[in-house]
Amino acid sequence: MNPVLAELHEKARAVLDPVHYDFFAGGAGDEVVLAENEAAFRRLALLPRVLRGEENGPEFPVLISPTAFHKLAHPDGELATARAAGTVLVSSMASTVPIADVVAAATGPVWFQLYLQPDPEVTEELIRRAERAGCAALVVTVDSPVFGRHRRDLAHGFHDLPAGLAAENMRDLPGTPGLRRIEMAPFTWADIDRVRDLTSLPVWLKGVLHPDDAVLAVEHGVAGIFVSNHGGRQLDVVPAALDALPAVVDAVGGRIPVVLDGGVRSGADIALALALGASAAGIGRPVLWGLAADGEAGVRKVLDALRDEFEHVLALCGGQLSRDMVVVRC
Ligand SMILES: Cc1cc2nc3c(=O)[nH]c(=O)nc-3n(C[C@H](O)[C@H](O)[C@H](O)COP(=O)(O)O)c2cc1C
Ligand SMILES: O=C(O)C(=O)c1ccccc1
């Protein structure tokens, strides 16, 4: 793990209310997948190429994955995250700052993460809010037909945002859904087609693990996919996100970009994801630790540390990353 990220994690643990720390840190079930996401990177090694001079590698291939409720981490909430981002920020539908204010504060493109809602009018209005705010893409999260069971939250009785905080994007919607929790429901590919018809924004899917679903995503005109197991917060019997990546990359065959999220904690982790075919890596919890530890400056520290370390690893690898460079440790 990058030492800056490790230090910010320790500081976040020390300053956060333990109930909120557990909401951020926890996973589903026995937290097998939560641990596996990080362990999967340790099982792989990179064979660097030599004597390639100074090659131009990819731009900093990192984006901020959507996480809910940033005001539980810091009073500035998503405003601080947005100011520090400097790269794509995928802003959670469950943000504690309205999407228009997130975009206004952002130092890079903002994409809007969406959970399709049982009432199609609510879904449509959320898409309009994202469009009006100036979001550059929609990211529909498809791994959550129902909530994951987070034992830490159940043990604490943590179900809703505390009084005084709200999921601000949910204000004044048709049928007035609650402001302190988000509805989840099962949907189909026809619903994805409807979203595509409703908006000219690129529509990404987040939470694809099966290669056949990746092919369906391409066939349904999806702009890109996140290979993700929701940071181990949904089904606790799936592979590590990194282990699911190669088959999805093969199925997609370069037709759309594939982002990997889950367990990325260092520049070497980013390099491994790219070598296995990801176009970028998404970062979830480390951003929350930076935010809790030190607000905007803490989020900036996380991204700067990852950028610096990735560039160093890339230089040591000969400037390029490909699958032939990945081997399994003995
Ligand atoms: C506290 C927390 C809240 C999250 N909220 C959302 C969310 O609102 N929407 C979503 O699509 N994913 C959400 N996720 C999943 C992340 O987008 C991402 O898939 C995961 O955190 C990546 O793993 P990492 O934390 O190991 O980097 C959340 C994850 C955490 C830890
Ligand atoms: O906790 C989560 O993983 C998550 O996705 C979420 C979504 C909406 C509200 C709170 C959390």
Side-chain angles (χ1 to χ4, degrees), residues 1-2 5 9 12 16 19-28 31 33-41 62-73 78 81 88-96 99 111-117 138-150 152-154 158-161 165-170 177-185 204-209 225-235 238 240-242 244 259-266 269-270 273 280-292 302 306:
M1 174 160 340
N2 179 287
L5 271 59
H9 186 175
L16 282 168
V19 174
H20 300 157
Y21 175 80
D22 276 347
F23 166 67
F24 291 142
E31 301 189 339
V33 176
L34 175 68
E36 275 294 294
N37 275 351
E38 292 186 19
F41 288 95
V62 162
L63 48 76
I64 299 179
S65 282
T67 50
F69 302 163
H70 287 197
K71 281 194 180 175
L72 288 181
E78 289 80 1
T81 314
V88 172
L89 165 62
V90 186
S91 195
S92 171
M93 167 176 157
S95 60
T96 45
I99 187 61
W111 299 359
F112 186 74
Q113 179 269 327
L114 178 67
Y115 288 109
L116 298 180
Q117 292 300 290
L138 286 181
V139 178
V140 181
T141 300
V142 292
D143 59 17
S144 306
V146 293
F147 272 104
R149 292 196 179 152
H150 305 163
R152 301 194 207 194
D153 294 345
L154 293 168
F158 181 77
H159 302 295
D160 297 319
L161 274 171
L165 295 185
E168 293 291 341
N169 296 316
M170 307 305 289
L179 293 178
R180 286 162 59 197
R181 69 164 72 179
I182 302 287
E183 291 289 317
M184 293 183 188
W204 289 60
L205 299 186
K206 175 171 177 286
V208 172
L209 293 173
I225 55 180
F226 285 65
V227 170
S228 168
N229 54 37
H230 212 111
R233 291 164 77 86
Q234 289 297 112
L235 181 60
V238 296
L242 186 73
V259 171
L260 177 281
D261 88 11
V264 176
R265 304 290 180 264
S266 72
D269 294 350
I270 298 166
I283 313 293
R285 292 180 184 82
V287 168
L288 294 168
W289 305 145
L291 181 64
V302 167
L306 288 174

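Atoms within a ligand are numbered from 1 in the order they appear, just like the ligands themselves. The first residue of the sequence shown is numbered 1, and numbering continues consecutively from there. FYI, side chains are in, hydrogens and waters are out, and symmetry mates aren't considered; it's all heavy atoms of this structure.
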Item to check | Contact atoms of ligand 2, heavy-atom distance to Ala94 under 4.0 Å | outcome: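 Within the 4.0 Å cut-off of Ala94, ligand 2 contributes 8 (C), 9 (C).
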
Checklist entry - Phe69 heavy atoms, cut-off 4.0 Å: which ligand 2 atoms fall inside? => result 9 (C), 10 (C)

Top protein contact for [atom], by heavy-atom distance:
atom: atom 18 (C) of ligand 1; answer: Asp261 OD2, 3.2 Å
atom: atom 5 (O) of ligand 2; answer: Tyr115 OH, 2.6 Å
atom: atom 11 (C) of ligand 2; answer: Ala68 CB, 3.6 Å
atom: atom 1 (O) of ligand 2; answer: Arg233 NH2, 2.7 Å

Checklist entry - Do Arg233 and ligand 1 have an N or O pair less than 3.5 Å apart? => result no

Next on the checklist: Residue-level breakdown please: for Glu38 versus ligand 1, do any non-hydrogen atoms fall below 4.0 Å on the side chain, on the backbone, on both, or on neither?
Outcome noted: neither

Checklist entry - If you measure from each non-hydrogen atom of Phe69 to ligand 1, which part falls under 4.0 Å: side chain, backbone, both or neither? => result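 No part of Phe69 is near ligand 1 at this cut-off.
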
Checklist entry - If you measure from atom 14 (N) of ligand 1 to every heavy atom of Ser144, Pro66, Ser92, which option wins on shortest distance? => result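 Nearest heavy atom to atom 14 (N) of ligand 1 lies in Pro66.
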
Item to check | Heavy-atom nearest neighbour of atom 3 (C) of ligand 1 within options Ser91, Pro286, Ala68, Gly262 | outcome: Ala68

Checklist entry - Are His20 and Phe158 close enough that their ring centers fall under 6.0 Å? => result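 Close enough - the centres of the two rings lie under 6.0 Å apart.
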
Checklist entry - Would you say His230 and ligand 2 have an N/O pair spaced under 3.5 Å apart? => result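 Checking ligand 2 against His230, an N or O pair does fall under 3.5 Å apart.
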
Checklist entry - Should the proximity of Met184 to ligand 2, defined as any heavy atom under 4.0 Å, be assigned to the side chain, the backbone, both, or neither? => result side chain

Next on the checklist: Is any side-chain heavy atom of Val146 closer than 4.5 Å to one of Met184?
Outcome noted: no

